[in-house]
Amino acid sequence: MKMLSSLNRTETIDQLQQNTFDLIVIGGGITGAGIALDGASRGMQVALIEKEDFASGTSSKSTKLIHGGLRYLKQFEIGLVREVGRERAIVHRLAPHLVTAEKMLLPLVKGGTYGELSTSLGLWVYDVLAGVEGEDKRTMLSKKETLEKEPMLREDILRGGGYYAEYRTDDARLTIENIKTAADYGAISINYVKATDFTYDDAGKVNGVSCVDRQSGNTFNIRARYIISAAGPWVDELRRKTGSIEGKRLFLSKGVHIVVPHERFPVRQSVYFDNDDGRMIFAIPRHRVTYIGTTDTTYEGDLDQIPINQEDVDYLLEATNRMFPDANLSTEDVESSWAGLRPLIYEEGKSASEMSRKDEIFESDTGLISIAGGKLTGYRKMAERVVDLVVKKYVAANGEAASFKDTHTKKIPLSGGPFKNTAEVRRYRQEIEGMIIPMGLDSYYATYLVANYGRQSEEILDKFGHYDQRAEAALARAEAWFCVRQELALTLLDFFDRRTGRLYFHLPSILPLLDIIGEDFAAYFNWSDEKLAGEKEQVLAAIRHVTDFEYASEVAGEEKV
Ligand code: FAD
């Protein structure tokens, strides 16, 4: 495996400046990461730049499901459901430790969105489109069976349930593992480098990107034959820079999730339930927490700081308390939260939740190719489509001599693997559990390590013995060591948010670790005391952002639909 070390940053920037790449990808979310892997594995020389951290945009703020999107069936988006439905099984196969099977319960309630017959038929179509087989095929449940699966459901309006297969992941980890796998094929990716403008050839076509290194403030250019903008919610901002934003444009919809301790909302399994406004909401148990989402509101505020309003939190709490009356959740129970923007393609006269989740490719007169819309689940196919377009252009311009391999990401296991199947992941987790219990770690950390890092867990555990703190702190230090050397973690927040998910799924663990991980980062990167204090403050500000909802509502610039 190629090392992706933040300690080699200067060398990486030199390489970016010295080469002419076949392809520059702007944006290190799941779309950009998937494109980098597809392009590099076909034999292209690829550079990827990300203005913040990888997955810091929408790709760490989703519901974290690898799903076919049952609700899109209602909107007759058959093609979309078929494609993403089939992708679920593929992405699971590529990283079964990171994309795990998750059965979903859809309670049928009086006056709800789905009736019994339409649910039975809908889930059947869903399974057929996605090619679901065997035990994973949907089953319909009686009221009694539904309550056995989830006793917390509201009984008086319950009629029965649908039970079907989906997958769950960690979106930020899926992104970083794609970046790392792309590096194995020679792609050069870097975070905290922003595309500020484009360079053009004599014919007015883009032939490079002007960048700023947001760590040093230095500016530099990267040259390439083709440029794809996979900048998610920022796609139109970049299109505007090339002076061409005609035709379709983006529409941003905000989605908020809240996280509560599992003991406060101990659902036994994932539930996809009705709210009284006709929208559907997920409640998903995840180790020590349950998360609930999402909202779907028009957004026109600051793209870099998306507020989580008390109103958003109340909406989710009220919906949950309505369907799970004994939960009695209040704002005090909310341990963390996140808000993300769906970069949807605008359609006249439709509300946020009605707008299609299909992806689109836009080409500017200047040759800039942009891709937006779509879903986390469909990232591999999106990448394939847009890289096919680049290959077509390349061949048209250079003849067959410039041909590249066909896409074959379907057969490239993501880093952290390979695992043949879930059974092999389970056996590996047992092995890890056998290793960590004598180290003084709870068995929870076996699940955590294997889901986050797969087979890379052993490298982290090898390092564990170098530290003599209490077990949890020693483990976090070993993870930090790994994330700096193998995953381009550059800031404390990269570590606590995108690499380990602690900001969302284990927030109380952060403060006891902040000083010690801060000192390690300061030693790795030679930080001054002032820099270290600033880094810690960023983590504290992020904690305030996901827990302090009144503050967020003061800066809101949005409108409910
Ligand atoms: P992003 O992740 O936003 O990446 C774009 C990146 O470009 C950003 O990191 C940004 O910093 C960078 N960038 C921008 N401008 C520049 C520049 N000038 N220079 C360099 N870099 C730049 N999909 C599913 O399949 N399953 C789900 O459960 C699901 N749930 C969702 C729930 C919510 C609330 C939301 C909002 C979305 C959900 N989605 C889901 C959709 C999915 O999350 C998105 O489709 C996907 O993450 C978009 O990824 P992206 O890479 O296109 O955008």
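Both ligands and their constituent atoms are indexed starting at 1 by order of listing.
With sequence neighbours excluded, the residues satisfying salt bridge (charged side-chain N to carboxylate O under 4.0 Å, His left out) with E335 are R288.
Remark: the backbone N or O of D170 is not paired with any side-chain donor or acceptor of R173 at under 3.5 angstrom.
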One line per pair, note the atom names and distance for all nitrogen or oxygen contacts under 3.5 Å between ligand 1 and the protein.
| from | atom 1 | to | atom 2 | distance (Å) |
| --- | --- | --- | --- | --- |
| ligand 1 | 2 (O) | T58 | N | 3.3 |
| ligand 1 | 2 (O) | S59 | N | 2.8 |
| ligand 1 | 2 (O) | S59 | OG | 2.6 |
| ligand 1 | 3 (O) | T58 | N | 2.9 |
| ligand 1 | 3 (O) | T58 | OG1 | 3.3 |
| ligand 1 | 9 (O) | E50 | OE1 | 2.7 |
| ligand 1 | 9 (O) | E50 | OE2 | 3.2 |
| ligand 1 | 11 (O) | E50 | OE2 | 2.6 |
| ligand 1 | 18 (N) | A195 | O | 3.0 |
| ligand 1 | 19 (N) | A195 | N | 3.0 |
| ligand 1 | 21 (N) | K51 | N | 3.0 |
| ligand 1 | 23 (N) | K375 | NZ | 3.4 |
| ligand 1 | 23 (N) | L376 | N | 3.2 |
| ligand 1 | 25 (O) | L376 | N | 3.1 |
| ligand 1 | 25 (O) | T377 | N | 2.8 |
| ligand 1 | 25 (O) | T377 | OG1 | 2.6 |
| ligand 1 | 26 (N) | L65 | O | 2.7 |
| ligand 1 | 26 (N) | H67 | NE2 | 3.4 |
| ligand 1 | 28 (O) | L65 | N | 3.1 |
| ligand 1 | 28 (O) | L65 | O | 3.4 |
| ligand 1 | 30 (N) | T63 | N | 3.0 |
| ligand 1 | 30 (N) | T63 | OG1 | 3.4 |
| ligand 1 | 45 (O) | G374 | O | 3.1 |
| ligand 1 | 47 (O) | S59 | OG | 3.0 |
| ligand 1 | 49 (O) | S59 | OG | 3.1 |
| ligand 1 | 51 (O) | I30 | N | 3.2 |
| ligand 1 | 51 (O) | T31 | N | 3.0 |
| ligand 1 | 51 (O) | T31 | OG1 | 3.2 |
| ligand 1 | 52 (O) | T31 | OG1 | 2.7 |

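Distance check: S415 OG to Q486 CD gives 9.0 Å after rounding to the nearest 0.5 Å.
Between F282 and F273, the distance separating the two ring centers is not shorter than 6.0 angstrom.
Side-chain N/O atoms of S336 and R502 include no donor and acceptor closer than 3.5 Å.
Comment: R385 engages D359 in a salt bridge, judged by a side-chain N to carboxylate O separation of less than 4.0 angstrom.
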